[in-house]
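Since the structure comes first, as structure tokens, the remarks are kept for the end.
For the numbers below, each heavy atom of this structure counts, side chains included, while hydrogens, waters and symmetry mates do not.
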Amino acid sequence: MPQVAIFMGSLSDEEKVAPCAQVLRDLGISFTFTITSAHRTPERTVQLMEECEAGGVQVYICAAGMAAHLAGAVAARTIRPVIGIPIAGNALAGMDALFSTVQMPPGFPVGTVATDKAGAKNAAWMAAQILALNDAALAEKLRAARAAFKADVDKAAASLHDKYGA
Ligand code: RP5
């Protein structure tokens, strides 16, 4: 059983959630990636979770739009960390999904990241940081990634300096 389970509410979410899978893949973290809906397939959500709980999945990542209850429904059934990615639909620009995901009652947290692709990437980074607490090799990869982000900024600043001489 993989370390991370990514659930998304609809195939229509795939383009926005795919960067999450890519970051996990790049970091060498095993994951399962499937579709289930808190509303359309509540029984499937429960069954998938039972398999994940029995198999030792360590972190859940749930992406959904509109009245986004998938992450909350998962959080209701586990004490493992749940990260929620609000997906922006055509109406309300994602505020609906953001509020539905983030406003959990005390005791049932969903660690909510930004909407859409940026959030999808950070959901993976957050999951990696959680896993790295007990994985020294992964922690080293995260340090290296941070160094690469810094190097990118240094390089961009240098190119701007070259261009404007200021
Ligand atoms: C949510 O409803 C899904 O996560 C998706 O963001 C939204 C619309 O789903 P579709 O009608 O495109 O399948 O449950």
Side-chain angles (χ1 to χ4, degrees), residues 2-40 45 48-49 52 57-76 78 80-105 108-133 135 138-160:
Q3 297 163 283
V4 175
I6 309 172
F7 297 159
M8 61 183 179
S10 168
L11 190 58
S12 67
D13 299 325
E14 182 189 1
E15 188 205 348
K16 293 172 175 176
V17 184
C20 176
Q22 190 60 51
V23 171
L24 292 177
R25 184 171 289 150
D26 291 346
L27 289 169
I29 294 170
S30 60
F31 63 91
T32 181
F33 184 15
T34 191
I35 299 166
T36 192
S37 165
H39 307 120
R40 291 169 174 161
T45 303
L48 284 168
M49 279 205 67
C52 287
V57 158
Q58 294 175 64
V59 182
Y60 293 92
I61 296 174
C62 301
M66 302 186 76
H69 294 135
L70 183 56
V74 170
T78 187
R80 294 172 196 179
V82 179
I83 302 169
I85 310 167
I87 300 296
N90 291 330
L92 306 183
M95 294 295 275
D96 45 358
L98 173 62
F99 290 159
S100 300
T101 304
V102 77
Q103 285 289 73
M104 287 294 291
F108 298 84
V110 169
T112 305
V113 292
T115 57
D116 294 347
K117 290 183 179 180
K121 290 177 188 170
N122 264 352
W125 288 112
M126 179 66 76
Q129 289 179 207
I130 293 167
L131 295 172
L133 290 170
D135 185 335
L138 180 58
E140 196 45 50
K141 285 184 190 175
L142 295 181
R143 283 188 203 98
R146 288 285 174 100
F149 282 126
K150 176 182 179 298
D152 286 345
V153 173
D154 291 343
K155 198 172 152 194
S159 75
L160 203 63

Mind listing the side-chain donor-acceptor pairs of residues 24-35 below 3.5 Å, one per line with the distance, residues two or more places apart or on another chain?
residue	atom	partner	partner atom	Å
Asp26	OD1	Gln22	NE2	2.9
Ser30	OG	Gln3	N	3.0
Ser30	OG	Gln3	OE1	3.3
Thr34	OG1	Arg44	NH2	2.7

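- In this view, Thr36 and Thr41, Thr45 satisfy the side-chain hydrogen bond (donor to acceptor under 3.5 Å, both in side chains) rule, not counting sequence neighbours.
- Evaluation of the side-chain hydrogen bond (donor to acceptor under 3.5 Å, both in side chains) test over residues 84-105, restricted to residues two or more places apart or in two chains, returns none.
- With contacts defined as side-chain heavy-atom distances shorter than 4.5 Å, the pair Lys121/Pro19 qualifies.
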Hey, can you pull the donor-acceptor pairs under 3.5 Å for the side chains in residues 60-70, sequence neighbours left out?
residue	atom	partner	partner atom	Å
Tyr60	OH	Glu53	OE2	2.5
His69	ND1	His39	NE2	2.7
His69	ND1	Ala67	O	3.4

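- Listed by chain and residue number, nothing satisfies the salt bridge (charged side-chain N to carboxylate O under 4.0 Å, His left out) test with Lys155 (two or more places apart in sequence, or in another chain).
- No side-chain heavy atom of Val110 sits less than 4.5 Å from a side-chain heavy atom of Val74.
- When all heavy atoms are compared, the tightest approach of Pro86 to Gly84 is CD-O, 3.6 Å.
- Applying the salt bridge (charged side-chain N to carboxylate O under 4.0 Å, His left out) rule to Glu15 yields the partners Lys117; only residues at least two apart in sequence or on another chain are considered.
- Considering CG of Leu133 and CG of Leu138, their distance stands at 9.5 Å, rounded to 0.5 Å.
- Rounding to the nearest 0.5 Å gives a distance of 12.0 Å between SG of Cys20 and CG of Asp13.
- Not counting sequence neighbours, Asp152 has no partner by the side-chain hydrogen bond (donor to acceptor under 3.5 Å, both in side chains) test.
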Walk me through it: do Ile130 and Gln58 pass the test side chain to side chain contact (heavy atoms under 4.5 Å, CB included)?
-> CA-CA 9 Å; Ile130 293 167; Gln58 294 175 64; over 6 Å; no

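- Taking each heavy atom of Ile83 and Ala127 in turn, the nearest pair found is CD1-N, 3.7 Å.
- Remark: Arg40 pairs with no residue by the side-chain hydrogen bond (donor to acceptor under 3.5 Å, both in side chains) rule, at least two apart or across chains.
- Every residue meeting the salt bridge (charged side-chain N to carboxylate O under 4.0 Å, His left out) condition with Asp116, not counting sequence neighbours, appears here in chain and number order: Lys16.
- Between Ala71 and Val82, the shortest heavy-atom contact is O-CG1, 3.7 Å.
- For Ser10, the side-chain hydrogen bond (donor to acceptor under 3.5 Å, both in side chains) criterion is met by Ser12, not counting sequence neighbours.
- Across Gly94 and Thr115, no two heavy atoms sit closer than the pair O-CG2, 4.4 Å.
- Asp135 places no side-chain N or O within donor-acceptor distance of the main-chain N or O of Leu131, the cut-off being under 3.5 Å.
- Atom CE of Met104 has more than 12 heavy atoms from other residues, nucleotides or ligands within 6.0 Å.
- Taking each heavy atom of Ile85 and Ala120 in turn, the nearest pair found is CD1-CA, 3.6 Å.
- Checked against salt bridge (charged side-chain N to carboxylate O under 4.0 Å, His left out), Lys141 has no partners two or more places apart in sequence or in another chain.
- Applying the ring-ring contact (aromatic ring centres under 6.0 Å, His included) definition to pairs two or more places apart or across chains, those involving residues 108-129 are Trp125-Phe149.
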